[in-house]
Every structure is written in structure tokens, then in C-alpha cells.
K.L.:
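My questions all concern the structure below.
Every chain is numbered from 1, with letters handed out A, B, ... down the list of sequences.
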Number of protein chains: 2
Amino acid sequence: MEKLSRKERDRISREEYIVDAAEEVISEKGFDAATMDEIAEKAEVGKGTLYLHFNSKSAIYLAISVRGGKILNQKMSQVLSRDLSGLEMIEEMGYTYLQFIQQNPHYYRAFNFFENALSENKLTESSLVDECEQVGMEAMTYAVRALQIGMQDGTIKDTFDPKELGVIFWGASRGVVQVAYMKESRRHMKVLDDVTFSLETLIKGFIEIIGSGIKK
Amino acid sequence: MEKLSRKERDRISREEYIVDAAEEVISEKGFDAATMDEIAEKAEVGKGTLYLHFNSKSAIYLAISVRGGKILNQKMSQVLSRDLSGLEMIEEMGYTYLQFIQQNPHYYRAFNFFENALSENKLTESSLVDECEQVGMEAMTYAVRALQIGMQDGTIKDTFDPKELGVIFWGASRGVVQVAYMKESRRHMKVLDDVTFSLETLIKGFIEIIGSGIKK
DNA sequence: TCAGAAAATGACCGGTAGTCATAAAAATGG
DNA sequence: CCATTTTTATGACTACCGGTCATTTTCTGA
């Protein structure tokens, strides 16, 4: 078994290395402009080797998405372990998400790629798709957990199903952060040009509204 | 001038016809899978002709996006003209948006394409990009108008800047509807599998939360 | 040491967005 | 009405890229 497991470890570290290279190339040039030849060169392997480990260019991007999702989930789980009320946790998660997106825009784009591809049924079944969904589900679980805590400690109203509230909170946060992110990007929507307030104000406003909407 | 304007009208109707064809092909097969040759064939013109009217495949998709945005804006403006309180208008706009997305998923995908491309700086300056932004700005204006009405008739609290609130409402709605839409699509996120409530429940919940969050 | 298995490789293929030399059509004007 | 210029249309062609596969290289275990 020892030999097999070393082989397995080799395979995984090789794949991690390929994902490293892809992450660099794709964050630099964008997914469409990045070519498999470039990724192979950066990873110092032949192009064919990429296809030994990943079924397609998209699959590599999904692997990047999984990586980012795991990092984000780690941060989310840390919020849950802090000594906060449920409502404070929810607020903290909102900020954590925003901060992560701001600091890791390339992971954000990878998340979007996954969700987009999923909602357009472009993805075939594969272990990577499953993993992406698993990661998404985990993130969702943290939000639901925080909501349940808030319902128990009396900081959040318990007239909603926590899962339902989780989906709403998740979707709304994603949307607001997306808008916020667009405002950050160099070439952003003109719609947002004459909006003078800062990102922080925007998110604070959102969290305030949601907060007072779900507060007991 | 009459002659020039006839020429102009001819050009525009030709372009509309191309967009008709593209809309058919793209809604049927998706943007990536649709080919310029197919679109040309459907429009009964040579492929080169497409490029006389549009700079790229993406440009055609932007034209589709503009078309959808105008239809949606028309519906939004109708909400504003109804005899409702500001808060009711906001709620009604949320439902209108959801309904539009459900009934016109291909326009929804076109909107996403535009926003995605924009946030990744893939779009070069062009009149079409400007037009897309114009349309987006108009939609935003309707929401802000409704919020202002609500602040005046006392149904919405006036502690926020209406524009700021508009951006938040816009972003959050987009996010929730996106999640809702994913639940509708055949191959949706596993995250949503064990969520038993319906779309309507979800949106109602969201509007309720936002409503009680911004209610005076 | 060597045969057979496993992994790696890059030349090659199919397909598509976009171009451009050429042709058709339309406008001009005498 | 025809000749000439300008505008518009066309599809064969090019460049490029994701993905394949016959061949080569490396590994393994007896």
C-alpha cells in the first residue's frame, strides 16, 4: 500500500503544480486568452500531460475554483468559532466574503465561471463538478449554522426556515458584492459612476438592511 | 436628408434582422456552440456581411442584450406609472424582474454575458457597450425613482441615500433571482436540492426581508 | 539487466472567428 | 440611358487553439 500511496501523492502534487501554473496564467490573461500551450509551458510539462490529469481546459478552471472555495470556507468556519451572536456572525460573514473577493478577484472569476457553466448546463458529470458543488454546499452550511445560532440566542427572528433564509442571504450577498466588485474594477459600469459612496458604505448599508430585516 | 434617413433605416432593419437570426441560433445552442456561419445562414447573408454590421460575435450578443434590456425597462417603467406606494413599487419591480428572467432566460444569459465581460475588461469601447450601459443605467433609475417615491409617501425609511439603496436593492435582487433561476434550470446546484420551498416562497421571503429592512 | 507497464510528449487534426480580394449592386452625373 | 465611381456583399482563406494519439521515455519488479 505504501508504494501506491506514494504514487498517489506524486500524482496529486503534480496536479497541484499544474493548477499553480494555470492559476498564474489565467489570472494574468483571463480564461479565454490563456492557452493550454502556455499553461503547459509554465508548468514545464508537455501539453498532452495536462490532459492526463484534466479532461479539459474548463476542468482546470474548476480545480482553481475548488481551491479558492476551500480557502474561503476555511475563513467562514473561523467566523463560526468566534464568540459572537448569530446576527454578528452573519454580518461578519458578509464582510469576510467581500474581503475575500477583493483580495482574490481571480478566485471570484473562477466561482462565476463555475456557476455560469452550471446554470447553462455546460458541465458534464465529473468528480471536479461534484467537488465544486460540495464546496458550495459547505459554504452554505456555515451561513445556515449562523442563522440557527441567531435564532437560538434571540438575535434573529425565527419566523423563517433557516435554510430558506440561508439561500436568500447567500444570493443577496453574492449580488451586492458583485456590484461592489464591479465598482472596484478599472473599467466599471457607468451606472455606478455617479454613486459617490465607498464600497464599505455600500456593504455596511446592505448588512444593516438585512440585519434589521431579520432581527427579532 | 430624406434619402440619407432611408438608407439609415435600411441599415438598421438589416441589423435587426441579423439580431433576430442570432437570437434564434444562440438561444437554441448557447453562445459558445453557436457559429457565425450558422447565424449568417439563418439570416440569409454571407458571413462577411455580419462583420459589416458587427465587429465580432460578442458584439452581436451585446445587441441581443440591449434588446432584452429595453423590453425589461419598458416593464419597469410601467410599474412606476401604476397607482402604488413606493414600497409596493419596489416589491412589484422585484417580481417583474423575476418573471422576466423566468420567461426570457436567453435574455438573462445575455445580461450575464455583458456583465461578465465588463467586469473582466474584455470589452473594447464601442457604441454597443455604451448602449448596454445606458440601458442598465435606465433600469437603475426606475428603482431609485420608486425608492424616492417611497421615502416621500412615508412607506420607506429615508435614512439612506436613495441611490445607494438603489444599488443595494438592484444587486441583492439580481443575486437572489440568480439563485432562484439556478434552482429552475434542469441541472442545478446540489446545494439547492434539499431546499423544499418554491421559487415564489423564496422571492416572497426576500422581498419581505428587504421590505421590513427598509420600511419606515 | 531487461521486458513489459505506465507516463509523458508534441506533431497533428478539426473546427471556428475573423479577413480580404473580388464581385455585385447602387448611386452619381453627364 | 450608359459610364463611372462608390458602397455593399460575399465566401474562400488564414491564423489559431483545444484536444488527440502514435511514438518515445521513464519506471517497475523479477
Side-chain angles (χ1 to χ4, degrees), chain A residues 1-23 25-26 28-64 113 117 120 122-124 126 128, chain B residues 1-22 25-26 28-64 110 113 117 120 122-124 126 128:
Chain A
M1 278 298 102
E2 164 57 21
K3 215 191 298 172
L4 191 92
S5 113
R6 193 174 65 80
K7 237 173 136 180
E8 183 73 355
R9 270 189 287 116
D10 278 0
R11 189 181 60 79
I12 288 173
S13 79
R14 178 67 56 101
E15 282 173 8
E16 287 298 308
Y17 194 69
I18 290 174
V19 175
D20 285 346
E23 207 174 311
V25 176
I26 292 176
E28 205 170 298
K29 324 187 61 169
F31 180 70
D32 288 347
T35 71
M36 290 302 265
D37 286 285
E38 273 177 292
I39 293 170
E41 195 182 4
K42 180 79 87 179
E44 292 169 297
V45 296
K47 179 155 69 154
T49 308
L50 297 183
Y51 287 89
L52 289 180
H53 296 274
F54 299 94
N55 288 325
S56 64
K57 190 182 174 188
S58 300
I60 296 182
Y61 208 24
L62 290 190
I64 293 174
F113 175 83
E120 297 191 24
K122 274 186 223 154
L123 299 176
T124 52
S126 85
L128 263 168
Chain B
M1 278 301 100
E2 167 54 24
K3 216 191 299 173
L4 192 92
S5 113
R6 193 175 64 83
K7 235 173 134 178
E8 185 73 354
R9 272 189 286 116
D10 278 0
R11 190 181 58 80
I12 288 173
S13 79
R14 179 68 56 102
E15 282 173 8
E16 286 299 308
Y17 194 67
I18 289 174
V19 176
D20 285 345
V25 176
I26 292 176
E28 203 169 300
K29 324 188 59 170
F31 180 70
D32 289 346
T35 72
M36 291 300 266
D37 286 286
E38 272 177 291
I39 293 170
E41 195 183 1
K42 180 79 87 178
E44 291 168 298
V45 296
K47 178 154 72 152
T49 308
L50 297 183
Y51 287 89
L52 288 181
H53 295 275
F54 300 94
N55 289 323
S56 64
K57 192 181 172 187
S58 300
I60 296 181
Y61 208 24
L62 289 190
I64 292 174
F113 175 84
E120 297 190 22
K122 272 187 225 151
L123 300 176
T124 52
S126 86
L128 262 168

K.L.:
How close or far is atom P of C/dG10 from atom CG of A/D37, stated in whole angstroms?
P.N.:
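Going from A/D37 (CG) to C/dG10 (P), I get 10 Å.
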K.L.:
Roughly how many Å is it from OH in B/Y17 to P in D/dA9, rounded to a whole number?
P.N.:
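Value for this atom pair: 14 Å.
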K.L.:
What is the distance, to the nearest angstrom, from the CD atom on A/E15 to the C1' atom on C/dA8?
P.N.:
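Whole-Å distance recorded here is 14 Å.
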K.L.:
Hey, are B/E38 and B/K42 close enough for a salt bridge, meaning a charged N less than 4.0 Å from a carboxylate O?
P.N.:
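No.
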K.L.:
Can you tell if the side chain of B/L52 reaches within under 4.5 Å of the side chain of B/V45, non-hydrogen atoms only?
P.N.:
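B/L52 does not reach B/V45 side chain to side chain.
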K.L.:
Once side chain to side chain donor-acceptor pair (under 3.5 Å) is applied, do any residues pair with A/R14, and if so which ones, sequence neighbours excluded?
P.N.:
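A/R14 satisfies side chain to side chain donor-acceptor pair (under 3.5 Å) with no other residue.
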K.L.:
Taking only the side-chain nitrogens and oxygens of B/R14, find out if one of them lies under 4.0 Å from OP1 or OP2 of D/dA9.
P.N.:
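Result: yes.
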K.L.:
Given C/dA8, C/dG18, D/dG19, which nucleotide is nearest the side-chain atoms of A/S56?
P.N.:
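So the side chain of A/S56 is nearest to D/dG19.
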K.L.:
Ring pair (Phe, Tyr, Trp, His ring centres under 6.0 Å) with B/F31: which residues, sequence neighbours excluded?
P.N.:
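If we apply the ring pair (Phe, Tyr, Trp, His ring centres under 6.0 Å) test to B/F31, skipping adjacent residues, the hits are B/Y61, B/F113.
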K.L.:
Looking across every strand, which nucleic acid part, if any, lies under 4.0 Å from B/A59 by heavy atom: base, sugar-phosphate, or nothing?
P.N.:
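Nothing, no heavy atom under 4.0 Å.
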K.L.:
Round to a whole Å and report the spacing from NZ of A/K57 to P of D/dT20.
P.N.:
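Rounding to the nearest Å, NZ of A/K57 and P of D/dT20 are 15 Å apart.
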K.L.:
Going by side-chain contact (heavy atoms from CB on, under 4.5 Å), name the residues that satisfy it together with B/E41, two or more places apart in sequence or in a different chain.
P.N.:
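Residues passing side-chain contact (heavy atoms from CB on, under 4.5 Å) with B/E41: none at all.
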K.L.:
To the nearest Å, give me how far apart OH (B/Y61) and P (C/dA17) are.
P.N.:
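Rounded to whole Å, this separation is 14 Å.
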K.L.:
Rounded to whole angstrom units, what separation is found between the CE atom of B/M36 and the C1' atom of C/dT16?
P.N.:
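In whole Å, C/dT16 C1' and B/M36 CE are 10 Å from each other.
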K.L.:
Round to a whole Å and report the spacing from CG of A/D32 to P of D/dC16.
P.N.:
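Between P of D/dC16 and CG of A/D32: 17 Å.
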K.L.:
Tell me which residues in residues 38-54 of chain B put a heavy atom below 4.0 Å from DNA chain D, sorted by number, or none.
P.N.:
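Heavy-atom contacts with DNA chain D come from B/V45, B/G46, B/K47, B/G48, B/T49, B/L52, B/H53.
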K.L.:
Strictly below 4.0 Å: does A/R11 bring a side-chain N or O up to OP1 or OP2 of C/dA6?
P.N.:
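Checking A/R11 against C/dA6: no side-chain N or O falls below 4.0 Å of OP1 or OP2.
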K.L.:
Of all residues at least two apart in sequence or in a different chain, which pass the side-chain contact (heavy atoms from CB on, under 4.5 Å) check with B/K47?
P.N.:
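B/K47 satisfies side-chain contact (heavy atoms from CB on, under 4.5 Å) with B/M36, B/D37, B/A40, B/Y51 once adjacent residues are dropped.
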K.L.:
Closest-nucleotide mapping onto DNA chain D: is A/N55 or A/A33 further toward the 5' terminus? I mean the 5' end.
P.N.:
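By nearest-heavy-atom nucleotide position, the 5'-most residue is A/A33.
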K.L.:
Just to verify, what does A/D32 make a side-chain contact (heavy atoms from CB on, under 4.5 Å) with, not counting sequence neighbours?
P.N.:
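Expected list: B/K122.
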